[in-house]
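Written below as structure tokens is the structure these notes are about.
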Amino acid sequence: MTETKEIGDRAFGNSYLQKLTHAAPLAVFRIAIGIMLLLSIIRFWLNGWIDTLYIKPLYYFPFYGFEFIKPLGSYTYMLFFVCGAAAFMVALGWFYRIAITLLFLSFTYIELIDKSTYLNHYYFMSLVLLMMVFLPANNYFSVDAHRNKKILSGYTPQWCIDAIKLMVFILYFFAGIAKINSDWLLHALPLKIWLPARNDMPVIGPLFNYRWIFFAFSWFGCLYDLTIVFLLWNKTTRLWAYIAVVIFHGLTAILFPIGMFPYVMIVTALIFFSPDIHQRIIALLNKIIKAPDIFINNKAAFTYGKVTNKVLLTGFAIFFSVQLLLPFRYLLYKDELFWTEQGYRFSWRVMLMEKAGYAQFNVRGNNGKNIIVNNNDFLTPLQEKMMSTQPDMMLQYAHILRDYYSKHGVTAPQVYVDSYVALNGRMGKPLVNQHTDLAKEQESFKPKTWILPFNDEIKGF
Amino acid sequence: MGCHILATHSSFINMILLKRKKPLAILLFAAVVCLYACSKKGADPDPTPETDAKAANRKEMLVNIADNIVIPAYGKFKVKLDAMVAKSTAFTATPTTATLTDFRAAWVDAYVEWQKVELFDFGPGQTEAIRSYFNIYPANETSIATYITTGAAANLDVPAAYPAQGFPALDYLLNGVGGNDAAIVAFYTTGGDATKRIDYLKRITQRMNTIFTKVNTDWSTYRATFISKTGVDAGSSTSVMANSYILNFERYIRSGKFGIPSGAMMNGVVAANKVEAFYKKDISATLAKAATQATIDFFNGKGVTSGIEGPSFKTYLISLGNTALVTTINNQFTAINGKLVTLPENLYNQVNTNNQTMIDTYTEYQKAVKMLKVDMTSAISITISYTDNDGD
């Protein structure tokens, strides 16, 4: 299936797809991602979030098409343990193929349990892990390569590393495109709302009392997202670009509650550095484990077998085509994306809007029952917060209520919502038609006609 | 950003480019230096301040709320509560219609004053759960009877005991245990349980005094903590205060005083017996008006003794550029007051005879709830959850 060859030069074959490069960047990336995920899992566990997010809630909001993903109750700890252990094994490159597959599956499973915990960087992680299932990340500087010298190879196809870079490019570039809109660029929203809230921070806090700062941050953020990958790719600008990465994500880590994301990105961006730098990182790491020189300076090259190569390249081509199209699916829906959120997720729209909502549900039955629902009886504060601004979650919740009350004394329950949503500092107004019986509406990719019009315009992407 | 840094640290860069050892460490060091240097620039901002820059000041707001609202309001309540305790002592020593009348009048005064401090469900008020012990209604006649019989052994700290103490229990014990004043006095002077009833009255009054004294004294030390937590993250004073302020308005004013009795909530079942001060009846509108006015004054930062408006949600919102929102909210408050003045004192009767006015009042409250809960919290950017969030 695969073969390893002795080569003297990196340039093997003529076409791009046959190009070889040193395997060190891929190995460093594998180790870094494994460790970051392990730390994320530990952090999650220590914060008690496994319990509060995946065990405590009475109901969950699965993704459309993934309703078969169910919470596991107290076994969720087992799921996290598997995920953490797999992450550690990936870092070591020990039983890599099994470990990375388990890691991808367990991590993705966790993320699919409840929409209210959706974060773009979790999605990014899932996509990267999926790619890594097929990449030869364990052929160099790994326990696997140490145990099985047959797979040990210091060189790897160039495209295997570029695939990860491309994924990083998609994340940043689309995040940048999403910022080209009138709220972000012309009104400095939502940073104008978020930054003054941090004006009591030491040192940089006082800056947030100046209006121009909000615009500076907005424009810089947009420009950063659009250009950073080009600057990282280009050798002459790379170092400065990386410093910008550290500063940018360092700032976001200080300013916003976004968890591990900044650190994951700081580490991920290392992939753009030349193989030489990565070889020196490996050499540094090798000072700890003291493996023989042949293990580090290996001249063998890994290439996929002919058929495998074809299948994989086709697979990656499809994967990236989907990735390039998915963020634009919002164009298929009328009205403002930020308002309806039809096509909002999985599109690298990060920190783009300040949206708050209030949703009071009313359940009515044929037998004269009329109940104003207390959301606290069904949802956690996080779930309620997320549901109150997102129509698809309101629909799911309406169905939860319909099913609950039809079992608790309400015949043929109808579910109505009195919703009120404020977006980027605009005065709040109803998001959902209060006369629509949501119990009868079904989830689908079709436009949700019961979402009320935004009656305003946010120009741009 | 940090252009001079580029020059200063180019030697490090060269080292990396020249492939010296430990490039990562150097890179990291350079990055940290740069980050530090860049943030350092914020220490002395030289650009001319924007007009509204200095006003977005949460500390000023917290100081005004602590010094001119919470602490003096508790001071005023203390006077009324002390008076009530004194009248309680007089009545329990010699139960007569005269001492009963005095006690009842002092109870009304204290109950009205309580409406002006119930909204401070943050800091010591929240720690001591004072609302749970002071004003959970309707009173539970059955458990009051049980606790009277059990005597001192009864544990009044548990949630089940909430509706058996505080102002609602006194409402029942001073107004509801007999058809007229003579009958009420007889409740405490005749029969085998008379002494136990007196003891229970003493106990719950003393208990209110003890709990409130703790809250009131603790504020003198809590003040420093309160004004120091100037962030807006979960756990900060602004966040905790805004959340409890809105919760009080939504659950304890809108729902408790109007939504539940009128049946606008709760299965549409009208429940006139759930009005506040159900036994006294003719003060329920006064109580609602006092609580609503306290909510309005708190929003506008009006000093409890001075009557002068100071830094508040209102000024903070304006400093962030939300003048229109402030006007809309205050207009809605005016609309609520417009409904309240049309209501008679006795809300129990009103529910039974003209409930639509109660539902209409509820509807006006509901509009204000949305503005406070969504528009205001969004504008202030208050965090309600401890978990990560990448912006909805």
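Keep in mind that what you see is a predicted model, and the values were worked out from it rather than measured. Side chains included, hydrogens not; waters and symmetry mates left out as well; all remaining heavy atoms used.
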For the [atom1] atom of [X] and the [atom2] atom of [Y], what is their distance to the nearest 0.5 Å?
{"X": "Met371(B)", "Y": "Tyr358(A)", "atom1": "CE", "atom2": "OH", "value": "12.5 Å"}
{"X": "Tyr420(A)", "Y": "Lys373(B)", "atom1": "OH", "atom2": "NZ", "value": "13.0 Å"}
{"X": "Arg251(B)", "Y": "Asn376(A)", "atom1": "CZ", "atom2": "CG", "value": "6.0 Å"}
{"X": "Ser378(B)", "Y": "Lys355(A)", "atom1": "OG", "atom2": "NZ", "value": "11.0 Å"}
{"X": "Asn57(B)", "Y": "Asn199(A)", "atom1": "CG", "atom2": "CG", "value": "7.5 Å"}
{"X": "Leu320(B)", "Y": "Lys192(A)", "atom1": "CG", "atom2": "NZ", "value": "10.5 Å"}

(request) Could you look at Val373(A) and say if it's the side chain, the backbone, both or neither that has a heavy atom under 4.5 Å from chain B? (result)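 For Val373(A), no heavy atom lies under 4.5 Å from chain B.
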(request) Tell me, for Arg345(A) versus chain B, whether the close heavy atoms (under 4.5 Å) come from the side chain, the backbone, both or neither. (result) neither
(request) Inspect the surroundings of CZ in Phe346(A) and state if more than 12 heavy atoms from other residues, nucleotides or ligands are less than 6.0 Å away. (result)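 It does: Phe346(A) CZ has more than 12 such atoms within range.
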(request) Decide if atom NZ of Lys229(B) counts as having more than 12 heavy atoms of other residues, nucleotides or ligands within a radius under 6.0 Å. (result) no
Do you know the tightest heavy-atom contact between [X] and [Y]?
{"X": "Ala197(A)", "Y": "Arg58(B)", "answer": "O-NH2, 3.0 Å"}
{"X": "Asp200(A)", "Y": "Thr230(B)", "answer": "OD2-OG1, 2.6 Å"}
{"X": "Asp375(B)", "Y": "Ala422(A)", "answer": "OD1-CB, 3.4 Å"}
{"X": "Tyr316(B)", "Y": "Pro196(A)", "answer": "OH-O, 4.2 Å"}

(message) Taking Lys370(B) first and then Asp418(A), would you say they form a salt bridge - that is, a charged N and a carboxylate O separated by under 4.0 Å?
(response)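 So Lys370(B) pairs with Asp418(A) through a salt bridge.
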(message) Report which part of Thr328(B) has an atom under 4.5 Å of a heavy atom belonging to chain A: side chain, backbone, both, or neither.
(response)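 Interface part for Thr328(B): side chain.
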